[in-house]
Number of protein chains: 2
Amino acid sequence: MSGVNERAHKAAHRTPDYTSSGPGDLSVHRMPGHFIRRLQQVAVRLFGDCVGPELTPVQYAALCAIAQTPGAGQAALAALIGYDRATIGGVIDRLEQKGWVARSGSPEDRRLNLLSITPDGQAALARAAPAVLAVQDKLLEPLDPQEREAFERMCLKLLAHHLG
Amino acid sequence: MSGVNERAHKAAHRTPDYTSSGPGDLSVHRMPGHFIRRLQQVAVRLFGDCVGPELTPVQYAALCAIAQTPGAGQAALAALIGYDRATIGGVIDRLEQKGWVARSGSPEDRRLNLLSITPDGQAALARAAPAVLAVQDKLLEPLDPQEREAFERMCLKLLAHHLG
DNA sequence: TACGATCTGTATGCATGCTGTCAATATTGC
DNA sequence: GCAATATTGACAGCATGCATACAGATCGTA
């Protein structure tokens, strides 16, 4: 195990939650919102462990979306992956700084920053893809195939309800 | 619907994901890690909508843990709810600034900041509790009782595997 | 008892994330 | 054609989160 998020991880080892909390527990440890928070924490740590520090989950999602939707503006990109317009700016900044993404103005609409992936960006994406897929597998590792299918189906159901 | 996270929420409405993405989609929209990320986003937005801006999810969890574990230091508190030692400091700062939490040194171990909840903090906690419970319910609203049980069980299974 | 290992809180730096605001630019209604 | 409106990207501000490093304090042990 790498040192990513070592403190929070070690900390979690010291709590008895998640393995034996009793039915009378009214604290945060019984709340789905807290589960999701901790799962997000786990997923980010796994991503760092498997993919490495050169690409964050957010940057991967953005790079992926840019590759699949060439010529989109920042707002359109944010819409695609559910980010905020204010957040995506900094993400693109960092991807641009690495030379993986290029901004170019649009002649038709001078407000837009048309985004495109560079060859280096393509290479980085291809390099990271296997590890990213491995993360998804490790994440759901303790679930059997039926449970995985059910988990993903319920996640999609929740997202469709709250976002759709 | 309140205006919390309006931009990302409106953005999400414009994407066809989560309702009709085809089986050949290799993008981020098929990845459990991305689902969890979006669910976390939804949960935070629901929390803001139901509880209000005076208490964040993180602050609620911390306040809750302090109320249940009086006399714990910051590191112990962080371990209880899975935060980082470096993060909890700022959270406590803000709770202390609101007058809901008090720091006091320990005579036995002068490194420790013993944490305790104030009467105002107790009141804030009691005020927020119903809304926080409502958030959990709204979050899993689209799932029937069996699905909710299964979802929570699988979350706990995942967390026990990755943290335990 | 001295000393090294460990623990605690803090500070810094980086990366998300969201709110509110703003200027520039398009679009629409009249 | 022009005024009201909407959209876009940028910026400031606040709140997580984590890695790293540091100083003070404690603990285990030789």
Side-chain angles (χ1 to χ4, degrees), chain A residues 2-11 14 37-38 40-45 47-49 53-62 72-79 81-95 97-98 103 105-115, chain B residues 2-11 14 37-38 40-45 47-49 53-62 72-79 81-98 103-115:
Chain A
S2 90
V4 177
N5 194 9
E6 196 57 33
R7 284 209 297 248
H9 192 218
K10 275 170 58 181
R14 281 184 238 123
R37 176 184 201 38
R38 299 305 302 269
Q40 158 75 359
Q41 217 172 15
V42 165
V44 170
R45 180 159 49 81
F47 192 100
D49 284 352
E54 75 167 7
L55 198 57
T56 69
V58 171
Q59 289 169 13
Y60 175 80
Q74 293 184 191
L77 176 64
I81 47 183
Y83 292 176
D84 191 272
R85 244 173 45 234
T87 303
I88 208 79
V91 177
I92 303 294
D93 280 347
R94 287 178 280 278
L95 288 175
Q97 204 171 347
K98 294 180 194 178
R103 277 178 167 113
S106 164
E108 296 102 26
D109 189 336
R110 281 161 54 197
R111 295 171 303 180
L112 268 55
N113 274 342
L114 299 189
L115 302 171
Chain B
S2 89
V4 177
N5 193 10
E6 196 58 33
R7 285 208 293 249
H9 191 218
K10 275 171 59 182
R14 280 183 241 125
R37 173 187 184 45
R38 298 306 301 268
Q40 157 76 359
Q41 215 173 16
V42 165
V44 171
R45 179 158 49 80
F47 192 100
D49 284 352
E54 74 168 8
L55 199 57
T56 69
V58 172
Q59 289 169 11
Y60 174 80
Q74 293 183 191
L77 176 65
I81 47 184
Y83 292 175
D84 190 272
R85 231 169 63 233
T87 302
I88 207 81
V91 176
I92 304 293
D93 280 348
R94 287 179 279 278
L95 288 175
E96 196 179 21
Q97 203 171 348
K98 294 181 194 178
R103 277 179 167 111
S104 62
S106 164
E108 296 101 24
D109 190 336
R110 281 160 55 197
R111 294 171 302 181
L112 268 54
N113 275 340
L114 300 188
L115 302 171

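Just so it is clear: chains get the letters A, B, ... in the order the sequence lines come, proteins before strands, and each one is counted from 1. Computed from a prediction, not measured in an experiment: that's the story for all the values here.
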Grab the CD1-P distance between A:Ile81 and C:dT16 for me, whole Å please. 11 Å
Taking only residues two or more places apart in sequence or in another chain, which ones pass salt bridge (Lys or Arg N to Asp or Glu O under 4.0 Å) with B:Arg103? B:Asp93, B:Glu96
Within the structure, does a side-chain N or O atom of A:Gln74 lie under 4.0 Å from either OP1 or OP2 of D:dA10? yes
Produce the list of close N/O pairs, under 3.5 Å, pairing protein atoms with atoms of nucleotides 12-15 of chain C; give distances to one decimal.
none

Along DNA chain D (nearest heavy atom to each residue), the more 5'-positioned of A:Leu112 and A:Arg37: A:Leu112
Looking at residues at least two apart in the chain, or sitting in another chain, which of them share a side-chain contact (heavy atoms from CB on, under 4.5 Å) with B:Arg94? B:Gln59, B:Val91
B:Tyr83 has an atom OH; how far is it from atom C1' of D:dA15, in whole Å? 11 Å
Ignoring the backbone of B:Asp109, work out which of D:dG17, D:dA25, D:dT8 is nearest its side chain. D:dA25
Quick one, B:Ile92 with B:Leu77, criterion side-chain contact (heavy atoms from CB on, under 4.5 Å). Give me CA distance, side-chain angles, the key distance, then yes/no. CA-CA 10 Å; B:Ile92 304 293; B:Leu77 176 65; 3.6 Å; yes
Please determine if a side-chain N or O atom of B:Gln41 lies less than 4.0 Å away from the OP1 or OP2 oxygen of C:dT16. no
For A:Glu54, what residues pass the salt bridge (Lys or Arg N to Asp or Glu O under 4.0 Å) criterion, not counting sequence neighbours? A:Arg127
Partners passing side-chain contact (heavy atoms from CB on, under 4.5 Å) against B:Ser104 (at least two apart in sequence or in another chain): B:Leu114
Go through it in stages, so that I can follow the logic: the residues are B:Gln40 and B:Arg37, the test is side chain to side chain donor-acceptor pair (under 3.5 Å), and I'd like the CA-CA distance, side-chain angles, deciding distance and then a yes or no. CA-CA 5 Å; B:Gln40 157 76 359; B:Arg37 173 187 184 45; over 6 Å; no
Pick out the pairs of N or O atoms, protein on one side and nucleotides 22-24 of chain C on the other, that lie under 3.5 Å.
none

